[in-house]
Amino acid sequence: MNLPLTSEVLSNPDVVVQLKLADWDLLVRQARRAGLLARLAETLVGLEGEADIPQAVRWHLKAEQVLSDRQKIAVRWEVGQIREALAGLNIPVILLKGAAYVMAELPASRGRMFSDVDIMVPFESINQAEAALMLAGWHAQSGDAYDERYYRQWMHEIPPMVHLKRGSVVDMHHAILPRTARYHPDPVKLRGEAVPVKGEPGLFVLQPVDMVLHAACHLFHDGELPHGLRDLSDLDLLLRYFGRDGNFWDMLPRRALELELARPLFYALRYARHFLKTPVPATVDADLVSAEPPLLKLMDAVFHRVLGPDHDSCRDLLMRPARLAAYVRAHWLRMPPLMLARHLLHKALISRREAPT
Amino acid sequence: MLRLVEVDRQDLESRLEGRGLGIRTGPFTVRVQSDIPSVADGLVFHYGQFELWESDFHDFHVSVGRSQGIRRWVSRQANFAFDGFRPFLPLPVDQAFPMLEWGMNWCVSTHANHLLIIHAAVVERNGFVAILPAPPGSGKSTLCAGLVLSGWRLLSDELTLIDPDTGLIYPLARPVSLKNQSISVIAEFSGEARIGVAAHDTAKGMVAHLRPPADSVWRQREPASPGWIIFPKWQKDAEAMLTPRSQAQTFIYLAQNAFNYSQLGERGFLAGTELVRQCRCYDFTYHALPDAVHIFNSLADEKKATT
């Protein structure tokens with residue numbers, strides 16, 4: 001299977017010296033669609049090939065870097081505001097995903113674009129935390145009564161909280177998977193090993209193995225995968241960085257089994273290798289043998305398609321069935337069959353009818 | 001170098017319907033695909049003097065196409081897409097050409113974050129530009145059209161592109177969008193005005209475009225230095241008059257009306273303050289276009305005499 005040009009360049013940036021102008025045209029378009037243009041720009045800085053980047057391409061890279069630099073500053077500032085709003089509660093606030101990468105100054109924050117800040121608080125504190133954020137200007141916004149109930153009863157997060165003035169969004173979680181999901185990684189275990197953020201009392205990030213497991217479980221439980229390759233690239237950068245510590249690779253599969261996340265980890269490692277040539281020691285494969293899914297060839301065909309950039313150049317005749325399969329699979333894992341049937345029926349018939357046209 | 005006017009109509013249409021027609025507009029290159037005849041008509045009418053861009057790299061890949069399936073026959077709609085992504089809802093097909101113009105402005109204003117982009121018309125004379133920021137309805141486009149039909153060079157009627165590194169302003173000379181009464185005002189103002197087919201009932205009322213002067217198009221790679229920031233306001237029976245305004249106030253207005261001021265952060269602040277520092281800032285009320293042009297010409301002559 002041919003890899004998208006974007007993933008070839010991210011996994012081996014030195015190939016840029018061989019790119020023709022038409023390849024650059026495709027690369028910029030694919031990477032932009034995948035949300036990876038800023039990361040591509042950051043990846044090429046300082047490389048030998050940097051001097052060979054055609055003049056016409058340069059502003060595209062620079063413009064995205066301007067945006068991602070600015071977003072990093074904005075995220076730091078928003079995180080500070082969230083910390084202040086929640087400071088009185090004396091609860092541990094764990095930053096997840098992009099905000100965690102930025103605050104922990106990880107390579108995965110390079111060229112990372114954001115739409116929201118994800119945090120996790122203890123389940124029993126979620127009402128208090130919501131009230132505190134409301135006082136600071138964030139308000140939960142769900143689409144309709146059904147969505148509201150869907151979030152509150154079944155999900156692992158409350159509806160996205162949007163700041164009235166700034167429009168910034170906080171996604172507040174109490175777990176990393178829906179309450180209705182097949183697997184139940186225990187949030188208490190995650191919290192127990194969380195690492196304080198330097199200089200930000202009260203704020204934590206997940207320990208390295210958990211951070212990887214969360215990224216994996218998030219990616220492989222999301223049915224829509226609009227940023228599949230970007231999330232995979234985050235994983236790639238996390239694995240390359242944390243993987244320099246020998247213990248990391250022993251701990252990772254053990255922790256995955258403990259948290260019931262061996263399957264998503266299996267997929268994450270498999271497709272990170274496939275798309276981005278992430279170096280993973282063979283011992284890890286041996287540890288994860290039990291997590292190998294049935295129908296692996298089929299899953300490969302599906303994920304090869306749905307994880308690539310959502311761009312014309314990456315579509316073939318099997319794209320639609322692959323997307324459908326990924327969507328159904330993700331929902332299958334999110335909730336039991338009867339509930340799923342009811343949910344999809346509601347989304348298809350009622351939510352659509354009520355949607356503004 | 002080939003200009004669009006040198007391409008015959010059949011060739012142009014087959015490019016539009018096939019791999020796309022490449023054109024250069026200011027610092028950017030665009031590849032346009034379309035199966036709508038009014039888009040081809042609009043390009044022939046307005047873009048004759050533009051350079052054909054036959055390269056393997058284009059900055060923006062856009063299309064304006066008819067809706068597919070049943071909508072194609074029922075509602076006759078046009079869709080704008082940026083490399084397959086649709087930022088706008090479809091519009092009636094007779095608005096396809098304006099939609100292409102709005103779409104290309106959207107491409108520039110949402111992506112070109114290496115530049116500070118202000119929502120303002122910009123015209124040049126004797127090497128210095130006048131930036132005309134103003135809310136819709138203030139007569140900014142009408143004044144801009146009047147000036148470019150009187151020997152000022154058109155840089156843009158919508159987007160002022162400022163390079164934060166050099167402080168220079170880049171041209172984006174394209175058709176000038178005229179609304180409602182300004183269409184007849186401009187047609188009567190100059191015998192040289194070439195105005196395209198009007199689209200009726202758009203979100204902005206009736207819209208027609210003024211063809212950009214050939215000289216402005218030929219010089220679209222030539223940046224210029226900031227000279228004035230002038231806030232025009234059309235007022236019935238008002239005498240054409242400039243009133244100095246504070247640089248601080250002007251800066252704040254520009255920052256609020258820039259497309260990407262906050263995204264640029266410190267770069268945006270430095271570029272904005274430097275721009276305002278180099279400019280004379282005025283409020284300008286006018287009623288009759290010839291009087292307005294006269295005042296602008298004296299400003300330009302004065303500047304020429306002192307530099």
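Any value given below was found using the heavy atoms of this structure, including those in side chains, with hydrogens, waters and symmetry copies removed.
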(message) Using only atom types and a distance under 3.5 Å, with no angle test, would you say the side chain of A:Asp25 pairs donor to acceptor with the backbone of B:His58?
(response)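 Side chain of A:Asp25 to backbone of B:His58, a donor-acceptor pair under 3.5 Å: yes, one is there.
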
(message) Test your reading of the model: is there a side-chain donor-acceptor pair from A:Arg33 to the backbone of B:Asp83, 3.5 Å cut-off?
(response)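 At least one qualifying donor-acceptor pair exists.
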
(message) Using 0.5 Å steps for rounding, measure from the CG atom of A:Asp23 to the CZ atom of B:Phe57.
(response)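 With rounding to 0.5 Å, CG (A:Asp23) is 11.5 Å from CZ (B:Phe57).
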
(message) Nearest 0.5 Å, please: how far is CG in B:Asp56 from NZ in A:Lys20?
(response)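 Answer for the NZ-CG pair, A:Lys20 versus B:Asp56, is 10.0 Å.
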
Hey, is [atom1] on [X] packed in by over 12 heavy atoms from elsewhere, all under 6.0 Å?
X: A:Glu48; atom1: CD; value: no
X: B:Glu266; atom1: CD; value: no
X: A:Asn12; atom1: CG; value: yes

(request) Anything in residues 14-34 of chain B with a heavy-atom distance to chain A below 4.5 Å? Please list those residues in order. (result)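 At a heavy-atom separation under 4.5 Å, chain A is reached by B:Phe28, B:Arg31.
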
(message) What part of A:Val57 gets within 4.5 angstrom of chain B, counting heavy atoms only: side chain, backbone, both, or neither?
(response)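 Both backbone and side chain.
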
(message) According to salt bridge (Lys or Arg N to Asp or Glu O under 4.0 Å), who are the partners of A:Glu200, at least two apart in sequence or on a separate chain?
(response)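 Here the qualifying residues are A:Arg83.
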
(request) With side chain to side chain contact (heavy atoms under 4.5 Å, CB included) as the test, would you mind laying out the steps for B:Phe85 and A:Asp310 before giving the verdict? (result) CA-CA 10 Å; B:Phe85 166 73; A:Asp310 181 18; over 6 Å; no

(request) Could you list which of residues 58-72 of chain A have a heavy atom closer than 4.5 Å to any heavy atom of chain B, in residue-number order? (result)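 Interface residues of residues 58-72 of chain A: A:Trp59, A:His60, A:Lys62, A:Ala63, A:Val66, A:Leu67, A:Arg70.
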
(message) Sub-4.5 Å heavy-atom contacts with chain B: which residues of residues 100-119 of chain A show up?
(response)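 Within residues 100-119 of chain A, no residue comes under 4.5 Å of chain B, counting heavy atoms only.
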
(message) Quick check on B:Asp59 against chain A: is it the side chain, the backbone, both or neither that has a heavy atom closer than 4.5 Å?
(response)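 Both backbone and side chain.
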
(request) Examine whether an atom of B:Phe82 lies under 4.5 Å from a heavy atom of chain A, and if so say whether it belongs to the side chain, the backbone or both; otherwise answer neither. (result)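 Answer is both: backbone and side chain atoms of B:Phe82 are under 4.5 Å from chain A.
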
